[in-house]
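Here's the structure, in structure tokens; my notes come after.
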There are 2 protein chains.
Amino acid sequence: MSTVAKAVSLLEILGSGAPETALADLARRACFDKATTRRLLVSLIAHGLVEQDETTRLYRLGAGIARLALMREAQFPFLRIAAPVVEALAAATGETVHLSEYSKRGLITVHVVESAKANRVSVQLGDVLPMHATASGIAFLAFSEERIREAILAGPLPAFTPHTIGDAGTLAEHIAAARARGHSTGSQGYEEGVLSVAAPILGADGFAIGTIAVAAPRVRVHTGDIERHGAGVAVAARDISERLFGGLPGRKRA
Amino acid sequence: MSTVAKAVSLLEILGSGAPETALADLARRACFDKATTRRLLVSLIAHGLVEQDETTRLYRLGAGIARLALMREAQFPFLRIAAPVVEALAAATGETVHLSEYSKRGLITVHVVESAKANRVSVQLGDVLPMHATASGIAFLAFSEERIREAILAGPLPAFTPHTIGDAGTLAEHIAAARARGHSTGSQGYEEGVLSVAAPILGADGFAIGTIAVAAPRVRVHTGDIERHGAGVAVAARDISERLFGGLPGRKRA
DNA sequence: AAATGCCGTTGCAAATAGTGAAATGCACAT
DNA sequence: ATGTGCATTTCACTATTTGCAACGGCATTT
């Protein structure tokens with residue numbers, strides 16, 4: 001295991017769970033020696049990616065993380081551009097709308113506007129959505145590079161609910177259907193009782209770079225709602241793509 | 001130089017400058033061997049912190065960075081809490097207001113609302129502000145742990161403009177004055193023609209964790225404006241502290 | 001009060017992981 | 001065709017990293 005892999009693991013562990021973590025706890029969770037863990041943390045602290053409480057000796061993610069994220073956002077203002085569209089769609093539908101961005105590990109939820117209704121779908125910021133079990137994932141795969149799609153179809157398809165698609169053939173059908181329609185639908189594949197509709201946000205090269213999705217409790221979805229939301233996310237996704245890439249002919253982006 | 005230090009350097013270089021960077025360019029700027037640079041990048045890519053354009057082979061910061069930042073924000077919602085206060089102060093003063101957070105390297109600018117006026121002060125998100133040359137820095141040091149203050153007073157005080165404070169004694173006086181008043185003033189120490197007023201945002205232990213500042217072009221600052229803005233930032237800073245720590249008696253934070 | 005357990009920190013020899021020069025392969029321009 | 005510039009791979013060498021073990025501080029327990 002490479003040293004940077006270990007360092008990143010520590011960051012991920014610090015990010016998940018409690019806001020602050022003790023050294024021994026961290027070492028145990030990461031399965032590293034205490035000494036190793038501490039030395040990695042010292043390096044990370046020197047660069048501001050981790051901070052340590054002076055008195056309690058507890059560790060937490062540092063402001064350097066935020067700095068990197070801000071620099072990235074300055075280079076590629078995905079959130080700044082897409083967030084208003086998400087808000088607008090949330091207002092128009094009255095349901096929870098979430099935005100995600102592709103990453104090696106899955107689709108990362110980068111923005112959420114929850115429905116104002118009491119019975120609503122809640123999505124955690126930073127959550128990683130599985131490709132095969134969510135409307136977002138299927139919408140993404142329908143417009144992704146073939147390499148990514150095949151990797152998912154070839155890999156394991158863990159079940160999150162009894163409704164999760166566990167068969168590569170069925171998944172391929174869903175993907176094909178989503179490609180034909182321009183948006184996907186997800187039915188309780190990740191969480192029970194949740195229906196979702198998602199559309200891909202396309203990059204400059206025509207491949208998906210993220211998705212926008214509407215998620216509603218099953219009991220509230222009536223005839224025509226799926227189609228209405230499907231049209232909504234498709235328009236919103238296209239809108240985001242255009243704002244990101246339409247106005248800047250010089251800039252290329254995968 | 002430790003391996004994680006190198007990996008983080010690459011992230012910083014990727015964040016600064018152009019949105020996408022070539023391997024050779026990156027290796028040159030970091031002063032690493034091309035092979036070394038690439039292997040580090042491969043590790044970072046595996047964890048989603050870096051992405052590579054499939055066709056151009058250019059590297060950029062990945063969505064994993066955003067994920068870590070979101071997880072951090074979920075643990076400690078500094079931006080979510082402070083941003084509305086910054087907006088309000090910007091609306092009230094009509095000038096540029098910026099928010100920063102302490103990090104080992106300096107004060108990191110995490111939120112900015114620029115003045116609507118044509119002649120306005122512009123601050124870059126993610127910028128690191130020097131402690132000795134900005135109103136924010138002096139406000140921070142006035143309420144920081146002694147260790148940090150002394151490290152700055154002992155260290156070098158590079159000049160950014162002819163007005164930058166270059167003398168430890170003068171700096172100590174400014175810090176003392178800021179502590180007495182509850183807010184600091186900065187006069188063209190970092191950028192020519194800019195006057196700033198800043199106040200510290202205090203953590204649960206009473207030490208500063210960040211600052212909020214109003215920055216205006218010198219020509220627009222008239223009699224009484226300094227005092228008015230000083231009162232404004234002080235109230236805003238206290239407001240943020242209270243919203244962060246007042247409501248959650250169980251949570252501690254340095 | 002002494003003892004026990006837990007935690008963070010430091011030192012050191014062993015070993016794994018990282019290093020860089022050079023070679024290979026790939027595209028594009030000459 | 002030939003050349004140039006780039007990314008990528010290989011391999012012997014070296015240095016960083018590693019984990020054990022011991023230490024000191026702190027709190028709770030006996």
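Below, chains carry the letters A, B, ... as their sequence lines are ordered, and counting in each starts from 1. Quick note: numbers below take in every heavy atom, side chains included, and nothing from hydrogens, waters or symmetry partners. Because the structure is predicted, anything quoted here is derived from the model rather than measured.
We find that NZ of B:Lys34 is positioned 14 Å from C1' of D:dT10, with the value rounded to whole Å. As a whole-Å value, the separation of B:Arg28 CZ from D:dG5 C1' is 11 Å. Rounded to an integer number of Å, the gap from A:Leu41 CG to D:dT17 C1' is 15 Å. Regarding A:Met1, its CE atom lies at a distance of 10 Å from the P atom of D:dT18, rounded to whole Å. Look at CG on A:Leu40: it is 15 Å from C1' on C:dT9, rounded to the nearest Å. Residue A:Asp33 contributes atom CG, which lies 14 Å from atom C1' of C:dC7 at whole-angstrom precision.
When distances run from any side-chain atom of B:Ala35 to the nucleotides D:dT8, C:dA21, C:dG11, the shortest one goes to C:dA21. Nearest nucleotide to the side chain of A:Tyr59, out of C:dT19, C:dT9, D:dT9: C:dT9. Side chain of B:Arg39, nearest nucleotide from D:dA7, D:dC11, C:dG8: D:dC11.
Between A:Ser136 atom OG and A:Met131 atom CE the span is 9.5 Å, to the nearest 0.5 Å. The CG atom of A:Leu157 lies 8.0 Å from the CG atom of A:Asp167; values are rounded to the nearest 0.5 Å.
For B:Arg38, no side-chain nitrogen or oxygen approaches OP1 or OP2 of D:dC6 to under 4.0 Å.
Between the side chain of A:Arg57 and the base of D:dG25 there is no donor-acceptor pair of N/O atoms closer than 3.5 Å.
Ring geometry, B:Phe160 versus B:Tyr190: the interplanar angle exceeds 60°, so the pair is classed perpendicular (tilted spans 30 to 60°).
Looking at which nucleotide of DNA chain C each of A:Lys6 and B:Phe32 is closest to, the 5′-most match is held by A:Lys6. Remark on DNA chain C: of its neighbouring residues A:Thr3 and A:Thr21, the 5'-side contact belongs to A:Thr21, judged by nearest-heavy-atom nucleotide.
Salt bridge A:Glu54/B:Arg147: present, at least one basic N to carboxylate O contact under 4.0 Å.
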